[in-house]
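Side chains are part of it too, since the values below use all heavy atoms of this structure and drop only hydrogens, waters and symmetry mates.
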Amino acid sequence: MPPGALDGDRSPWVAHRAPTSVTVVERLGLVGLPNAGKTSLFNALTGTDAPVASHPFTTTATSVAVAPIPDARLDALAEMSASKKVVRAGVEVVDIAGLVAGSSTGEGLGNRFLAGIREVDALCLVLRAFDDAGVPGETDPLEALQTLELELVLADLATVESQIDKRRKAARADKSLAAEVSAMERAQVALQGGTPLYRAGLDPDDASLRRGLFLLTDKPVLVVVNVAEGQLDKADAIASPVAAELEGHGETLAVCVQLEAEAARLEPADRDELLQGLGLGRGALARLTSAAYQLLGRSIFFTTGDKESRAWSFRTGATAPECAGVIHSDLQRGFIRAEVIVWDELLETGSWAAAKAAGRIRLEGKDYHVADGDVLEIRFNV
């Protein structure tokens with residue numbers, strides 16, 4: 001029986017540690033100038049050990065790894081159910097060589113590696129805000145943002161201009177291509193004006209018409225302003241000019257990447273102690289991965305039992321049958337109803353059986369839109 005289908009009562013809540021794995025749905029591309037801290041962030045997110053040095057272009061090959069999404073809700077559900085296995089949601093992270101001014105025309109290594117992020121689902125721009133005499137590079141995050149955006153805009157403009165005449169000719173014979181050509185023309189105007197498409201104010205439907213071009217600035221954007229540990233008390237003020245420049249088109253987070261990377265290498269208890277001692281709570285990585293997930297238009301529902309507790313990624317706004325299909329196609333095809341409870345309500349009752357006995361489980365039909373944090377059991381018949 002697929003996970004999430006009804007398979008008997010749940011086990012009582014007991015403390016334990018279960019083996020974990022990760023399922024991946026979306027891809028996040030990291031972009032930054034040399035020595036912005038991009039690869040350190042990659043290591044912190046994914047738990048890998050890609051080389052980091054103070055000279056430019058330490059990263060000369062595209063690196064890809066998986067960043068599990070920390071989720072205290074899933075951990076609590078797994079503990080309640082005494083699950084033998086925990087499966088987290090995750091994001092695939094792509095790290096490319098640092099871009100420099102002129103990358104779009106072949107300067108540095110950037111032009112060679114831009115292709116590595118053309119197929120990602122969203123971009124994370126890493127901007128340096130710390131001073132270090134031993135580490136060369138741009139330290140004004142606003143200047144860095146403008147340089148990165150210009151290079152991405154120029155790369156996109158070159159792509160559009162290389163394709164638009166071909167599509168115009170094709171549209172003369174196939175009138176159904178007219179809307180696609182119009183979308184490309186509107187993008188060309190914005191790009192010629194130096195504006196990234198994610199903040200050009202164009203019709204959102206245009207992006208789907210341009211999907212085959214894999215334009216970099218058609219992707220949603222998250223910005224990380226990399227601050228020093230000594231700047232944490234004024235981190236928000238340092239990041240605010242960047243947030244103002246984006247005008248709401250993408251979230252801006254201030255992060256001490258070096259500190260997070262160091263903490264990520266520690267055992268969980270030691271990591272928590274370090275971060276708590278610095279007044280950082282669970283750290284910035286959980287906040288960053290959560291922001292990336294929201295940026296990608298994804299939410300999470302859960303299934304839990306003694307065999308497995310799992311976080312399932314779904315398109316925000318999806319219906320119960322669509323979410324059933326995320327678990328297994330048979331569940332969507334034979335969907336009857338979903339049994340639903342919010343995760344913290346389930347924890348409050350102590351088990352699925354107790355929640356059902358207390359009348360806390362809701363029955364939802366095909367029109368129900370699943371909410372982030374719902375715990376589901378699917379009734380189906382095929």
Side-chain angles (χ1 to χ4, degrees), residues 1-13 18 20-26 68-83 85-91 282 286-287 289-381:
M1 182 175 292
L6 288 179
D7 59 353
D9 291 343
R10 287 343 194 208
S11 302
W13 184 359
T20 62
S21 59
V22 182
T23 56
V24 181
V25 177
E26 306 287 346
I69 296 178
D71 199 322
R73 302 171 301 177
L74 176 64
D75 296 335
L77 290 170
E79 188 175 349
M80 179 198 75
S81 298
S83 301
K85 181 180 179 183
V86 177
V87 182
R88 302 189 183 282
V91 175
R282 295 176 62 230
R287 189 162 51 103
T289 51
S290 175
Y293 230 56
Q294 292 175 22
L295 180 75
L296 291 162
R298 309 296 296 186
S299 295
I300 289 174
F301 72 86
F302 303 103
T303 55
T304 187
D306 57 351
K307 295 178 182 177
E308 175 186 280
S309 286
R310 181 185 290 246
W312 300 89
S313 171
F314 70 98
R315 176 185 56 80
T316 301
T319 62
E322 289 171 328
C323 288
V326 171
I327 299 173
H328 196 285
S329 58
D330 283 350
L331 273 67
Q332 182 170 6
R333 184 159 53 91
F335 180 89
I336 299 172
R337 67 177 181 269
E339 300 192 351
V340 184
I341 185 170
V342 181
W343 70 276
D344 53 353
E345 239 187 300
L346 179 57
L347 291 179
E348 184 183 324
T349 58
S351 72
W352 189 271
K356 183 172 282 190
R360 305 285 288 274
I361 306 292
R362 310 191 315 270
L363 298 180
E364 301 288 358
K366 294 181 177 181
D367 295 332
Y368 176 67
H369 292 274
V370 175
D372 185 76
D374 278 350
V375 185
L376 302 185
E377 295 284 14
I378 305 299
R379 290 285 190 184
F380 71 108
N381 182 31

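Expressed to the nearest 0.5 Å, how far CD1 of I341 lies from CH2 of W352 amounts to 6.5 Å. Going from atom SG of C323 over to atom OH of Y368 covers 9.0 Å, rounded to the nearest 0.5 Å.
Here the shortest heavy-atom pairing between T289 and P68 reads CG2-O, 4.4 Å. Taking both residues in full, the closest heavy atoms of T304 and A78 are given as OG1-N, 4.5 Å, listed atom of the first, atom of the second, then distance. Heavy-atom minimum distance, A89 versus A311: N-CB, 3.8 Å.
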So I69 and R88, side-chain contact (heavy atoms from CB on, under 4.5 Å) or not? Walk me through it. CA-CA 7 Å; I69 296 178; R88 302 189 183 282; 5.9 Å; no
Show the numbers, then the answer: is there a side-chain contact (heavy atoms from CB on, under 4.5 Å) between L347 and L77? CA-CA 7 Å; L347 291 179; L77 290 170; 4.0 Å; yes
Audit row: R298, R315, side-chain contact (heavy atoms from CB on, under 4.5 Å) steps and yes/no: CA-CA 5 Å; R298 309 296 296 186; R315 176 185 56 80; 4.2 Å; yes
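Within the 4.5 Å cutoff, the side chain of Q294 has no heavy atoms near those of the D372 side chain. With contacts defined as side-chain heavy-atom distances shorter than 4.5 Å, the pair D374/V342 qualifies. Using a 4.5 Å heavy-atom cutoff, the side chains of I300 and R73 are in contact. Residues S313 and V326 form no side-chain contact, since every pair of their non-hydrogen atoms from C-beta on lies 4.5 Å or further apart. Taking the side chain as every heavy atom from C-beta outward, F380 and H328 never approach each other to under 4.5 Å. At a threshold of 4.5 Å between non-hydrogen side-chain atoms, the residues E364 and R337 do not count as touching. E308 has its side chain out of reach of V86: every pair of non-hydrogen atoms, C-beta onward, lies at least 4.5 Å apart. For the pair Q332 and E322, the minimum side-chain heavy-atom distance is below 4.5 Å.
Within the 3.5 Å criterion, the main-chain N or O of G297 finds a donor-acceptor partner in the side chain of T316. Checking side-chain atoms of T349 against main-chain N and O of L346 turns up a donor-acceptor pair under 3.5 Å. The main-chain N or O of S83 is never found under 3.5 Å from a side-chain atom of D306 such that the two would form a donor-acceptor pair.
In this view, F314 and F301 satisfy the ring pair (Phe, Tyr, Trp, His ring centres under 6.0 Å) rule, not counting sequence neighbours. Qualifying salt bridge (Lys or Arg N to Asp or Glu O under 4.0 Å) partners for R360, counting only residues two or more places apart in sequence or in other chains: E345, E348.
Judged purely by distance below 3.5 Å, without hydrogens or angles, the side chains of T303 and W312 pair a donor atom with an acceptor atom.
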